Each structure stands twice: as structure tokens, then as C-alpha cells.
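Beneath this line is the structure, given in C-alpha cells, with notes to follow.
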Amino acid sequence: GRVNDALVATFQNTNTNVAQLGEAMSYVAPVAASAGLEFEEVAAAIGLMGNAGIQGSRAGTALTGSITRLLSPTSAMQEIIEQLGLDVLDTDGNLRSLTEIVEQLESSGASTADIMQLFGQRAGPAMAALISEGSGALKEQLQANLESSGLAAEVADTQMEGLNGAMARLKSALEGVAIAIAESGILDWAADLADRAANLFSRLSESNPALLRLGTIIAGVLAAAGPVLFIVGSGLRAIGLALTPGGLLLAGLGLLAAGFVYAFGEGDTFGQKIVDIGEKIREKLAPAFDFIRGVLAAFGVASPSASPTVASGVPCSV
């Protein structure tokens, strides 16, 4: 909670955001922690660098380099430190706070050239920007970070109000449902079903040509039966009944067609025999079609104008 509050206070007052702060911290946090610096102060320094457009990894890398160089100064750096009268380490040899270091650099009258020699080409510009913001601004942001207890929760509550909050909660709920579905094993079942279907179609593509012809004939028979199903379906809807028997009828036709394959073999006359049977069925059912049309007309339900027909030796499509 302390970390969240400090990050929220920083991005509210400086030119940065939580993502950039997190990225910067991933670079500087280990070195800053070993140097004994406070999290709130490091966050404040990164935020003020962001005011100069130095954000994210650039800010983190620059601050890391600055701390490292101050902890282990070269002979050239040490000479500049002494010339400027800086005291960057306390009596125990630990690094002083960033606020104190920036304040000393301000009061020493360090030039841009001095800053670049102290912190190098990569970290120098960022430290120059931090010094330009001033120790006062750094103190102010540090204080805001230290007094930010509960701020993250307040911001979260505000953001969850209204439509945006409702959509965020909905998204969270949907993600929870998706996780629950995945953990239930249904995805594994669906994947297994897809594999079985793929294997089935693969075997079908390699099957006997007679079976493929059978599939074509069955499709044609079902297409020719379309008007019949429409009439029956309309009639059943008119009197409030289900169409379940129609499904049983189609299953029976499929089994009957399969029996024809074994009965007649793969001869060239197989298709014509199916056509002849279909024609006889049509003739037998014609009176029933007329009766159904009469019933539908009495109820004011439209129906196809003609019964299904078979022509030119091929099952007719609708």
C-alpha cells in the first residue's frame, strides 16, 4: 500500500505515469535500496526528471548511474567534488539523501560542465534536469509522497464510479468466468472433439467413392424434402406442436439410404433406383400434401405452391 500510494502521488503531480514509474524503478530500485535511499524520495526524483521529458527506462538508468558514481567516484570526480565543496557521504560512509545532494549542488554554483563531469554523458542530462527543478520541488514532492497514505484507494474508488467503473467490473467478471471455464476442462473436451471431427473428415476424404456418392444422394433427398418439411413445420407451428418427429423421419431416411447401398451395390443404376423410389413416395404422399394445404389455408398459413418433384433422373433441390 505504501508503494502504491507513493506512485499515485508522484504521477498526479509530475509528467509521468504508473507504467513509466514502474519501468524506471526496475532499473534504479536495487541500487537505491543498497544505498539506503527512501522509496518515496526516489519516486519523487524520477517524477521531476519526467517534467523534463526524461521518463521510464531513461530516468531509471540515469538515476542508477548517478548513485553509482557518487558511491564510487573516480579521481577526476573526487577532484570536482572537493572543488565544489560537496559532502555526498555521511559520517558512516553512506550516501546522503537525494534532496541534500541536489541542495548542495544548487548552493555550490555547479555549472552544467561540472554536472556532466560528475555524472557522465548518460546520467548528466537527467541530473541537470533534476537540479533545474530545484531542491524545493524535490522536497515538496517527497512530502506529498510521504503523506499519501490511502491515496491509491481513493483514486481507485473514483475511477470505479459511473460507466467506466461498471465496464471495468464487467471485464473483471468476464475474465473470472473465462478462467473458471478453462479450469473446468471444457476446453480440453472441445479440443478433443475437434480432433475427432478432423480425423473423421480425413477418413471420409479417403473413403470408397461409393460412400461419397451416397453422401451426395442423401443430400439431394434431403434437399428435395425441403418443401415437405416446410409444410409440416408450418402446420405444427400453427397448432403449437414440436417438430421432433420430423427429425426422426430424416434419420429413418438416412438409414434407409444406407441400406440401399448394400442392397444395390455400386452399379450405375443405383441413382436411378433412388429416383424411382422417391417418385413413388411422392405419388403416395400427394393426397396428404393436398390435405395439409387445405388445413393450412383454413388457418391462414402460407405454404409452398407445389409438392416436391423429381425430374431428369436427379433428386430435385428446393
Side-chain angles (χ1 to χ4, degrees), residues 6-90 93-146 148:
L7 293 178
V8 171
T10 300
F11 84 71
Q12 280 190 329
N13 300 322
T14 62
N15 182 30
T16 187
N17 57 43
V18 173
Q20 293 169 342
L21 285 169
E23 185 178 6
M25 283 293 183
S26 69
Y27 285 85
V28 70
V31 174
S34 64
L37 298 177
E38 284 188 324
F39 180 85
E40 288 84 355
E41 185 177 45
V42 173
I46 293 173
L48 294 181
M49 288 180 180
N51 290 344
I54 302 173
Q55 302 159 325
S57 61
R58 291 179 60 204
T61 301
L63 194 52
T64 300
S66 300
I67 296 172
T68 302
R69 290 172 70 91
L70 289 174
L71 287 173
S72 302
T74 63
S75 57
M77 286 182 59
Q78 187 63 42
E79 185 177 342
I80 297 176
I81 290 175
E82 293 175 359
Q83 288 178 357
L84 295 175
L86 304 178
D87 185 13
V88 297
L89 301 178
D90 61 19
N94 298 319
L95 188 68
R96 293 188 183 277
S97 69
L98 294 176
T99 304
E100 291 177 298
I101 293 173
V102 171
E103 193 171 21
Q104 288 185 43
L105 288 169
E106 282 179 325
S107 61
S108 68
S111 65
T112 303
D114 293 331
I115 300 300
M116 295 301 293
Q117 287 184 343
L118 277 174
F119 300 105
Q121 295 295 322
R122 297 188 65 179
M127 287 302 296
L130 180 59
I131 296 169
S132 176
E133 289 287 321
S135 59
L138 185 56
K139 288 180 181 178
E140 184 178 346
Q141 185 57 52
L142 171 58
Q143 191 63 29
N145 290 353
L146 291 172
S148 62

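This one's a predicted model, so the numbers in the text were calculated from it and none came from an experiment. Numbers here simply count residues along the sequence, with the first being 1.
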Check whether Ser107 reaches the backbone of Gln104 with its side chain - one donor and one acceptor, N or O, closer than 3.5 Å.
yes
Evaluate the side-chain proximity of Phe11 to Ile46: yes if any heavy-atom separation is below 4.5 Å, no if none is.
no
Does atom CD of Gln12 have more than 12 heavy-atom neighbours from other groups under 6.0 Å away?
yes
Would you say that Leu89 contacts Asn94 through its side chain, given a criterion of any heavy-atom pair below 4.5 Å between the two side chains?
no
In this structure, CG of Asn17 is separated from CD of Gln20 (nearest 0.5 Å) by 4.0 Å
Check: Thr61 main-chain N/O paired with Arg122 side-chain donor or acceptor under 3.5 Å:
no
Is there a donor-acceptor pair under 3.5 Å between the side chain of Gln141 and the backbone N or O of Asn13?
no
Answer with yes or no whether the side chains of Glu38 and Ser97 bring together a donor and an acceptor at under 3.5 Å.
no
Please check: side-chain N/O of Glu106 versus main-chain N/O of Ser135, any donor-acceptor pairing under 3.5 Å?
yes
Would you say that Leu130 contacts Leu98 through its side chain, given a criterion of any heavy-atom pair below 4.5 Å between the two side chains?
no
Donor on one side chain, acceptor on other, Asn145 and Ser148, under 3.5 Å:
no
Rounded to the nearest 0.5 Å, the CD1 atom of Ile67 sits from the CE atom of Met127 at a distance of 8.5 Å
